[in-house]
Undergrad: 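Next up is a structure, given as structure tokens.
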Amino acid sequence: LASPMWLTIALPSMIPFTNAYMVNWLQALIIIFWTGHSLQEEERIDSFTSLSVRPFSNAEWLAGKIVGFLLVIFLFDVTAASIAISIHLFLSDSPFSFFPYLFYFFTLSVPTIIFVTGVSLFIKSVLRKSVLAVSCLLVIFYLGTVLLANRLHGINDLFLTNMPNVLSEVTGMAQAFLYFLQRSTF
């Protein structure tokens, strides 16, 4: 095994940030491909389902599907964080702090989950073709993270690739106001 980099040992927040950053990319891809899948399945069911009686409205049904989907994604985040905590505690020389895991979950993962889910549902409901919608979403997120990330002081940077986001126990966060301002846009 190679010796760990000094930065991962010196800052207890580097392992939680790296975990949240990589999980964000993976969950965005999962959301892009999986969002709206169950809604498209419902459109393909035969005409007899229109006669079925449900004790709730279509809006409640749609909200329940979206909340269920978000709970699955949050469960995925909690599982990934649990694995990262186990690695941090048992296999790393870095000091452990639980606060960065919560901080990056609420400031990095949750806004990304909500924004990507909303944009995916919107694009898939407008375009109605899954392949076209997924292609469009992948292009949008590629443009937003690669080509437009440095424009307008990082306002388009969904995954925070170009902003300082290291959390130190001694000095706190560099440019915390700008960090929170950028994350609040999503």
Side-chain angles (χ1 to χ4, degrees), residues 4-35 63 66-123 137-138 140-186:
M5 291 179 23
W6 177 81
L7 188 61
T8 60
I9 295 174
L11 291 171
S13 68
M14 283 310 293
I15 293 175
F17 171 71
T18 305
N19 173 56
Y21 184 75
M22 291 190 308
V23 166
N24 254 353
W25 279 95
L26 184 60
Q27 79 186 4
L29 289 174
I30 290 170
I31 291 171
I32 286 172
F33 286 103
W34 198 22
T35 302
I66 292 171
V67 168
F69 175 75
L70 290 175
L71 287 175
V72 169
I73 295 297
F74 285 135
L75 182 65
F76 172 70
D77 277 358
V78 168
T79 303
S82 301
I83 293 169
I85 288 172
S86 300
I87 291 171
H88 197 166
L89 285 174
F90 301 117
L91 301 175
S92 172
D93 294 332
S94 175
F96 179 77
S97 177
F98 189 70
F99 176 71
Y101 287 97
L102 290 176
F103 178 78
Y104 288 125
F105 175 74
F106 286 112
T107 62
L108 195 62
S109 296
V110 171
T112 303
I113 291 170
I114 293 170
F115 180 76
V116 174
T117 303
V119 169
S120 297
L121 283 172
F122 175 73
I123 296 290
L137 285 166
L138 290 175
I140 287 171
F141 288 116
Y142 173 77
L143 291 175
T145 56
V146 175
L147 299 178
L148 300 174
N150 290 329
R151 306 273 190 240
L152 299 173
H153 305 287
I155 196 72
N156 299 318
D157 193 4
L158 177 63
F159 300 106
L160 288 175
T161 54
N162 295 318
M163 286 192 73
N165 44 22
V166 175
L167 184 65
S168 171
E169 290 182 339
V170 177
T171 61
M173 175 174 264
Q175 300 178 353
F177 175 74
L178 294 177
Y179 179 85
F180 290 120
L181 180 65
Q182 196 273 350
R183 295 317 293 165
S184 67
T185 60
F186 294 108

Undergrad: Please enumerate all residues that pass ring-ring contact (aromatic ring centres under 6.0 Å, His included) together with Phe106, with sequence neighbours excluded.
TA: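 None.
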Undergrad: Compare every heavy atom of Tyr21 with every heavy atom of Leu108, then report the nearest pair and how far apart it is.
TA: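 Heavy atoms only, the tightest pair is CD2-N, 4.0 Å.
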Undergrad: I'd like to check the side-chain hydrogen bond (donor to acceptor under 3.5 Å, both in side chains) partners of Ser97; sequence neighbours left out, ordered by chain and number.
TA: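 Scan of Ser97 (side-chain hydrogen bond (donor to acceptor under 3.5 Å, both in side chains), adjacent residues dropped) gives Glu169.
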Undergrad: Which residues satisfy the side-chain contact (heavy atoms from CB on, under 4.5 Å) test with Ile87, sequence neighbours excluded?
TA: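 Scan of Ile87 (side-chain contact (heavy atoms from CB on, under 4.5 Å), adjacent residues dropped) gives Ile83, Leu91.
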Undergrad: So how far is it from Ile66 CD1 to Leu121 CG, rounded to the nearest 0.5 Å?
TA: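 Going from the CD1 atom of Ile66 to the CG atom of Leu121 covers 5.0 Å.
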Undergrad: What distance do Ile73 atom CD1 and Thr112 atom OG1 have between them, rounded to the nearest 0.5 Å?
TA: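 It comes to 12.0 Å.
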Undergrad: Distance check, rounded to the nearest 0.5 Å: Leu70 atom CG versus Leu75 atom CG?
TA: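 Going from the CG atom of Leu70 to the CG atom of Leu75 covers 12.5 Å.
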Undergrad: As an exercise, state the distance from CD of Gln27 to CG of Asp77, rounded to the nearest 0.5 Å.
TA: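 Taking CD in Gln27 and CG in Asp77, the distance rounds to 4.0 Å.
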Undergrad: May I have the step-by-step check of side chain to side chain contact (heavy atoms under 4.5 Å, CB included) for Val72 and Trp34, ending in yes or no?
TA: CA-CA 11 Å; Val72 169; Trp34 198 22; 3.6 Å; yes
Undergrad: Taking ring-ring contact (aromatic ring centres under 6.0 Å, His included) as the definition, give me every residue that meets it alongside Phe122, ordered by chain and number, with sequence neighbours left out.
TA: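 Testing Phe122 for ring-ring contact (aromatic ring centres under 6.0 Å, His included), a comparison that skips the adjacent residues, returns none.
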Undergrad: Please enumerate all residues that pass side-chain hydrogen bond (donor to acceptor under 3.5 Å, both in side chains) together with Ser13, with sequence neighbours excluded.
TA: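 Expected list: none.
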Undergrad: Could you tell me the separation between the CD1 atom of Ile140 and the CD1 atom of Ile32, rounded to the nearest 0.5 Å?
TA: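 Between atom CD1 of Ile140 and atom CD1 of Ile32 there are 9.0 Å.
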Undergrad: May I ask you to decide if the ring planes of Phe103 and Phe99 are parallel, tilted or perpendicular, using 30° and 60° as cut-offs?
TA: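 Ring orientation of Phe103 relative to Phe99: tilted.
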Undergrad: With a 4.5 Å limit on heavy-atom distance, are the side chains of Phe69 and Phe74 in contact?
TA: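 No, side chains not in contact.
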Undergrad: Do you know the tightest heavy-atom contact between Ser109 and Asn24?
TA: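 Looking at all heavy atoms of both residues, the shortest contact is CA-OD1, 3.4 Å.
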Undergrad: Once you measure the plane-to-plane angle for His88 and Phe96, does it fall in the parallel (<30°), tilted (30-60°) or perpendicular (>60°) bin?
TA: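 Rings of His88 and Phe96: perpendicular, as their planes differ by over 60°.
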Undergrad: Rounded to the nearest 0.5 Å, what separation is found between the OG atom of Ser92 and the CD1 atom of Ile85?
TA: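 So the gap between those two atoms works out to 12.5 Å.
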Undergrad: The criterion is side-chain contact (heavy atoms from CB on, under 4.5 Å); which residues satisfy it with Phe115, sequence neighbours excluded?
TA: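 Only Val119, Phe141, Leu158, Phe186 meet the side-chain contact (heavy atoms from CB on, under 4.5 Å) criterion with Phe115.
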Undergrad: Just do the side chain to side chain contact (heavy atoms under 4.5 Å, CB included) check on Leu138 and Leu29 with the steps written out, would you?
TA: CA-CA 8 Å; Leu138 290 175; Leu29 289 174; 3.9 Å; yes
Undergrad: Could you pull out the closest heavy-atom pair between Ala84 and Ile15, with the gap in Å?
TA: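 Residues Ala84 and Ile15, closest heavy atoms: O-CG2, 4.3 Å.
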Undergrad: Could you tell me which residues satisfy side-chain contact (heavy atoms from CB on, under 4.5 Å) with Ala81, sequence neighbours excluded, listed by chain and number?
TA: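 Here the qualifying residues are Asn19.
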